[in-house]
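The structure under discussion appears below in the form of structure tokens.
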Amino acid sequence: MSDEPIYSIENMVIDLYATTVSVRAVDGVSFNVRPGETVAVVGESGSGKTVMTLGPLGLLPEGVTVDIKGSARSEASELVGMESRRLSDLRGRYFGVIFQDPMSALNPMLKIGPQLARQARRFANLSHADARKEAVSLLARTGIPDPEDRYDRYPHEMSGGMLQRAMIALALASRPRVLIADEPTTALDATVQAQILELIREIQREEGIAVVLITHDIGVVASVADRVMVLYAGQVAEEGTAMDVLTRPTHPYTRGLLASVPDFRADERAATKEIPGLPPNQIRLEPGCRFAARCELVEPECHVHRPPLQTISTGGTPHKVGCPVVLRREGIAVHG
Ligand SMILES: Nc1ncnc2c1ncn2[C@@H]1O[C@H](COP(=O)(O)OP(=O)(O)OP(=O)(O)O)[C@@H](O)[C@H]1O
Ligand SMILES: [Mg+2]
């Protein structure tokens, strides 16, 4: 694994303006990913996972105006403010995206194979015959049986698991350096889910690509992530190695998230427990900690200041927590 991030986001703020509302979907988030590394982004629905990862790539749905502040860099290029043609080109060469919904990436009117071939040709100087070969080989690599036959099938002729594989094939067709997978397995049953995750890992091992994996499944994080970032209402609550965050969750929100996962700790006695309440309305945000209204440890200061992300371990990869209250109460030392 290389030490230099291949993709990094600094202090990103993303406001979305639709006809009647504006939403601060991402509020001061920084993160990065290195070649060969898998970073998981977790958090409840609406926490900003999709907007944070797809916003800088210009991939949010139309009909909403997106205002992005901060920086998103892939090697030498700054994506924020980049002219849309250049961004589209860079996106194709650098980033492969597996969307939450396969049908948002695949064209239902076109056969699967030609869609892959076209994507492969966009970024490499291939003849039509070679692009076809490449498409068939992508279908085979992603575990699609009888790829020659599937080449000529339409998306609606394929099962959910096969469609997901076809979308992974499409994301890989341009030979990206960074693979962004937005909930790639939620719609699939457990066996297919495990196969898809294994497939992503295999491709990662072979090609050393960086993977950003968005999920709300803690089991998925435990099995594939090197690092994890916990988002709450558009802000980072906690981040660190998957090991640190899962075995020593420290932010009250992370603890709540883990406690709500059945059997995660394989401790039959510990009953699972939902976090009470709902995430805040991101249209009219109060000052202070976003999680305060749902937090068991809440103190008056939590309503006043936005809690800083503080580093609690100085190992190779720091473990950061955005809750001074828990650190103080539990006597956890802050570094740096
Ligand atoms: N097209 C849109 N128009 C208006 N608001 C949007 C749009 N897409 C997202 N939002 C808002 O932006 C915020 C972040 O949403 P986002 O989709 O990034 O959440 P998420 O963490 O990906 O959730 P999920 O787990 O449900 O996919 C939410 O408040 C959401 O309501
Ligand atoms: Mg999402």
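Just so you know, these numbers use all the heavy atoms, side chains as well, and skip hydrogens, waters and symmetry mates. For ligands, and for the atoms within them, numbers begin at 1 and follow the listed sequence.
- Using 4.0 Å as the threshold, Gly43 has no heavy atom nearer than that to any atom of ligand 1.
- Counting heavy atoms under 4.0 Å from ligand 1, residue Val64 touches it through the side chain alone.
- A salt bridge links Arg328 with Glu299: the distance from a Lys NZ or Arg NE/NH1/NH2 to an Asp or Glu carboxylate oxygen falls below 4.0 Å.
- For Phe95, the ring pair (Phe, Tyr, Trp, His ring centres under 6.0 Å) partners two or more places apart in sequence, or in a different chain, are Tyr7.
- Relative ring orientation between His156 and Tyr154 is described as parallel, the plane-to-plane angle staying below 30° on a 0-90° scale split at 30° and 60°.
- Atoms of ligand 1 found under 4.0 Å from any heavy atom of Ser45 (numbered from 1 in listed order, with element): 23 (O), 24 (P), 25 (O), 26 (O).
- In this structure, the salt bridge (Lys or Arg N to Asp or Glu O under 4.0 Å) partners of Glu206, at least two apart in sequence or on a different chain, are Arg141.
- Considering backbone and side-chain atoms together, Gly46 places an N or O closer than 3.5 Å to an N or O of ligand 1.
- For Arg73 (side chain) and Ala76 (main-chain N/O), a donor-acceptor pair under 3.5 Å exists by modelled atom type.
- Proximity to Val23 (heavy-atom distance under 4.0 Å) selects the following atoms of ligand 1: 29 (O).
- Contacts with ligand 1 closer than 4.0 Å are made by backbone heavy atoms (N, CA, C, O) of Glu44 only, the side chain lying farther away.
- Annotation for ligand 1: atoms under 4.0 Å from non-hydrogen atoms of Ala25 are 12 (O), 13 (C), 14 (C).
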